[in-house]
Amino acid sequence: MNPRLILLGPPGAGKGTQAVKIAEFFKIPHISTGDMMRAELASSSALGVELKRYIDAGELVPDNVVLSVVEQRLGAADCQSGFLLDGFPRTLLQAEGLKSILDKKKESLTAVINLRVADQLVVERIVKRGIASGRSDDTPEIIQKRLDVFQAQTAPLIEYYSSAGQLVEVDGVGEVAEVFNRILGALEKE
Ligand code: AMP
């Protein structure tokens with residue numbers, strides 16, 4: 001099985017943690033657009049400087065920037081055995097862009113995992129993570145902004161992938177291992 005997967009869910013749902021485990025299990029690359037954006041920012045490139053204001057404000061980086069980064073990454077040899085996208089797509093335009101990238105390669109998605117966690121829990125989790133990670137966008141105001149952005153721009157993807165028959169719903173509340181087993185169980189049924 002060469003699964004081509006998306007991990008969808010609000011900030012703080014535990015996507016990063018689960019993504020590492022899923023990628024290890026299937027031996028596929030874990031592609032986190034958030035990590036890629038932060039790496040660009042850390043390199044202090046001209047693009048990095050431009051991205052900083054979006055990331056620090058909790059806003060989305062423009063679709064064309066993210067899409068070109070993802071298209072390049074998906075073209076790498078290691079993605080032929082499948083991939084796991086974490087934090088992408090985040091808008092309908094990105095989802096359409098991904099579809100056309102995959103269409104060109106005559107590939108399609110295996111499943112879109114929707115990790116469900118209540119807003120209240122998500123805020124608590126990110127505040128804790130912010131203390132540990134030192135991420136500049138893990139402050140209470142920016143977290144709220146990121147949740148609002150998720151509701152407005154990313155939540156419509158749940159309906160989009162559900163209509164396409166590709167959505168797999170997973171309860172994201174519980175121990176890491178427990179949630180991981182739920183994900184594997186849900187994927188097996190696919
Ligand atoms: P994350 O680590 O996935 O929460 O991403 C951190 C930040 O990077 C987001 O708040 C956005 O500013 C930016 N970012 C990451 N992925 C995307 C994406 N797919 N589209 C737009 N912006 C993104």
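Counting from 1, the numbers follow the sequence of the chain as shown. Both ligands and their constituent atoms are indexed starting at 1 by order of listing.
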> Flag yes if more than 12 heavy atoms outside Glu124 fall under 6.0 Å of its CD atom; otherwise flag no.
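Yes, enclosed.
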> Taking Glu71 as the fixed residue, which of Lys105, Lys104, Lys99 is the one that meets the salt bridge (charged side-chain N to carboxylate O under 4.0 Å, His left out) rule?
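So, applying the salt bridge (charged side-chain N to carboxylate O under 4.0 Å, His left out) to Glu71 and each of Lys105, Lys104, Lys99, only Lys104 qualifies.
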> Taking a cutoff of less than 4.0 Å between a non-hydrogen atom of the residue and any ligand atom, is Arg38 in contact with ligand 1?
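Checking ligand 1 against Arg38, which is what was asked, there is a heavy-atom contact under 4.0 Å.
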> Which of the numbered atoms in ligand 1 are below 4.0 angstrom from a heavy atom of Gly34?
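That gives atoms 1 (P), 2 (O), 3 (O), 5 (O), 15 (C), 16 (N) of ligand 1.
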> Considering only the protein, which heavy-atom contact is closest to atom 16 (N) of ligand 1, and what is its distance?
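In this structure, atom 16 (N) of ligand 1 has Thr33 OG1, 2.8 Å as its nearest protein heavy atom.
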> For the residue pair Arg90 and Val149, establish whether any side-chain heavy-atom pair is separated by less than 4.5 Å.
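Arg90 does not reach Val149 side chain to side chain.
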> Who's the nearest protein heavy-atom neighbour of atom 22 (N) of ligand 1, and how far?
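Looking only at protein heavy atoms, the one closest to atom 22 (N) of ligand 1 is Val61 N, 3.0 Å.
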> Is it possible for you to say whether Tyr161 and Val70 belong to one hydrophobic cluster, with membership spreading through side-chain heavy-atom contacts below 4.5 Å?
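Both belong to a single hydrophobic cluster.
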> Report the part of Gln94 in contact with ligand 1, treating N, CA, C, O as backbone and CB onward as side chain, heavy atoms under 4.0 Å; options are side chain, backbone, both, neither.
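Looking at Gln94 and ligand 1, just side chain atoms fall under 4.0 Å.
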> Which atoms from ligand 1 have a heavy atom of Arg146 less than 4.0 Å away?
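Taking each heavy atom of Arg146 in turn, ligand 1 has 4 (O) under 4.0 Å.
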> Ignoring hydrogens, just give me the one of Pro89, Gly12, Gly87 whose non-hydrogen atom is nearest atom 19 (N) of ligand 1.
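Nearest heavy atom to atom 19 (N) of ligand 1 lies in Gly87.
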> Between Leu7 and Phe180, is there a shared hydrophobic cluster once you connect ILVMFWY residues whose side-chain heavy atoms come closer than 4.5 Å?
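Yes, because Leu7 and Phe180 connect within a single hydrophobic cluster, where side-chain heavy atoms sit under 4.5 Å apart.
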> Could you give me the CA-CA distance, side-chain angles and deciding distance for Ser100 and Glu96, then say whether side chain to side chain donor-acceptor pair (under 3.5 Å) is met?
CA-CA 6 Å; Ser100 65; Glu96 294 287 359; over 6 Å; no
> Report, in ascending order of atom number, the atoms of ligand 1 lying under 4.0 Å from any heavy atom of Leu60.
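Going through ligand 1 atom by atom, the ones under 4.0 Å from Leu60 are 21 (C), 22 (N).
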> When you compare ligand 1 with Asp137, is there at least one nitrogen or oxygen pair between them that comes in under 3.5 angstrom?
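Such a contact does not occur with ligand 1.
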> What are the atoms of ligand 1, with element, lying closer than 4.0 Å to any heavy atom of Phe88?
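What qualifies from ligand 1 is 19 (N).
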> Have a look at Arg90, Glu40, Met37 and point out the one with the heavy atom closest to atom 4 (O) of ligand 1.
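Nearest heavy atom to atom 4 (O) of ligand 1 lies in Arg90.
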> Mind checking the CD1-NZ spacing from Ile22 to Lys27? Nearest 0.5 Å is all I need.
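The CD1 atom of Ile22 sits 14.5 Å away from the NZ atom of Lys27.
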> Is the backbone of Ile31 close enough, under 3.5 Å, to the side chain of Arg73 for a donor and an acceptor to pair up by distance?
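Pair absent, no side-chain N/O of Arg73 close to backbone of Ile31.
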> Among all protein heavy atoms, pick out the one at the shortest distance from atom 12 (O) of ligand 1; state its residue, atom name and that distance to 0.1 Å.
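Looking at atom 12 (O) of ligand 1, the protein heavy atom closest to it is Glu59 O, 2.6 Å.
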> From the options Asp86, Leu67, Ile55, select the one whose nearest heavy atom is closest to atom 7 (C) of ligand 1.
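Of the listed residues, Ile55 has the closest heavy atom.
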> Do other residues, nucleotides or ligands put more than 12 heavy atoms under 6.0 Å from Glu175 CD?
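Atom CD in Glu175 is not crowded, with 12 or fewer foreign heavy atoms closer than 6.0 Å.
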